[in-house]
Amino acid sequence: GSLSAGTTKRATLRVTAVSGSGTATIKIQDSSSSGSGYGDFVAFAQISGVSTQTVSTTDACSRYLQINVTQYSGLTNFNCVVTFGVDSGT
């Protein structure tokens, strides 16, 4: 399956360590088939240091999810955790 529109989905990004100076963009992408056809589902604001962000949406979500990370020059390494879930009762 998938998660229908109207339910509240929440994604949290926790960046716990950063090396270098620069930025990175982290997105959650979804697809109806494993391994192909992924498109952006939610995006976090660019990161440049230790931080926590949460984004929410009521958009429909396809079955398969992946994390897409784009590093820009200057940012050599970072550690992060991404969590995704549906609010209880929605």
Side-chain angles (χ1 to χ4, degrees):
S2 61
L3 296 171
S4 62
T7 58
T8 302
K9 296 96 174 152
R10 250 178 243 290
T12 299
L13 167 67
R14 291 177 182 87
V15 180
T16 59
V18 174
S19 299
S21 61
T23 61
T25 300
I26 301 172
K27 300 175 182 180
I28 297 177
Q29 298 178 321
D30 68 339
S31 175
S32 59
S33 61
S34 178
S36 65
Y38 285 91
D40 294 346
F41 179 61
V42 293
F44 298 98
Q46 283 189 334
I47 61 110
S48 59
V50 173
S51 61
T52 300
Q53 299 178 42
T54 299
V55 294
S56 62
T57 182
T58 57
D59 293 346
C61 176
S62 296
R63 178 177 182 180
Y64 298 97
L65 300 175
Q66 71 177 14
I67 306 301
N68 178 285
V69 178
T70 305
Q71 288 185 323
Y72 294 90
S73 77
L75 188 61
T76 56
N77 192 19
F78 66 92
N79 297 336
C80 70
V81 176
V82 176
T83 58
F84 179 80
V86 178
D87 282 359
S88 175
T90 63

*At their closest point, which heavy atom of Ser62 faces which heavy atom of Ser32, and how far apart are they?*
CB-N, 3.7 Å
*Taking C-beta and beyond as the side chain, do Asn68 and Tyr38 meet within less than 4.5 Å on heavy atoms?*
no
*Just by distance, do the side chain of Ser31 and the backbone of Ser36 share a donor-acceptor pair under 3.5 Å?*
yes
*asked:* Count I, L, V, M, F, W, Y as connected when their side-chain heavy atoms are under 4.5 Å apart, and connections chain through other members. Are Val50 and Ile26 then in the same cluster?
replied: no
*Hey, could you give me the OG/NZ distance between Ser4 and Lys9, rounded to the nearest 0.5 Å?*
6.0 Å
*asked:* Looking at every heavy atom in both Cys61 and Phe84, which two are closest together, and how far apart are they?
replied: SG-CZ, 4.2 Å
_Spacing of CG belonging to Asp30 relative to CZ belonging to Arg63, to within rounding of 0.5 Å_ = 13.0 Å
*Quick one: pull up CZ in Arg14 and CD1 in Ile47 and give me the separation to the nearest 0.5 Å.*
14.5 Å
*How close do Leu75 and Ala24 get, heavy atom to heavy atom, and via which atoms?*
CD2-CB, 3.5 Å
*Could you tell me whether the side chain of Val15 reaches within less than 4.5 Å of the side chain of Phe44, counting heavy atoms only?*
no
*asked:* Contact between Val42 and Asp59 at the side-chain level, heavy atoms closer than 4.5 Å - yes or no?
replied: no
*Rounded to the nearest 0.5 Å, how far apart are CD1 of Ile28 and CG of Leu65?*
7.0 Å
*Between the side chains of Thr23 and Ser48, is a donor N or O closer than 3.5 angstrom to an acceptor N or O?*
no
_Distance, nearest 0.5 Å, that separates OG1 of Thr70 from NZ of Lys27_ = 6.5 Å
*Any sub-3.5 Å donor-acceptor pair from Thr76's side-chain atoms to Ser19's backbone N or O?*
yes
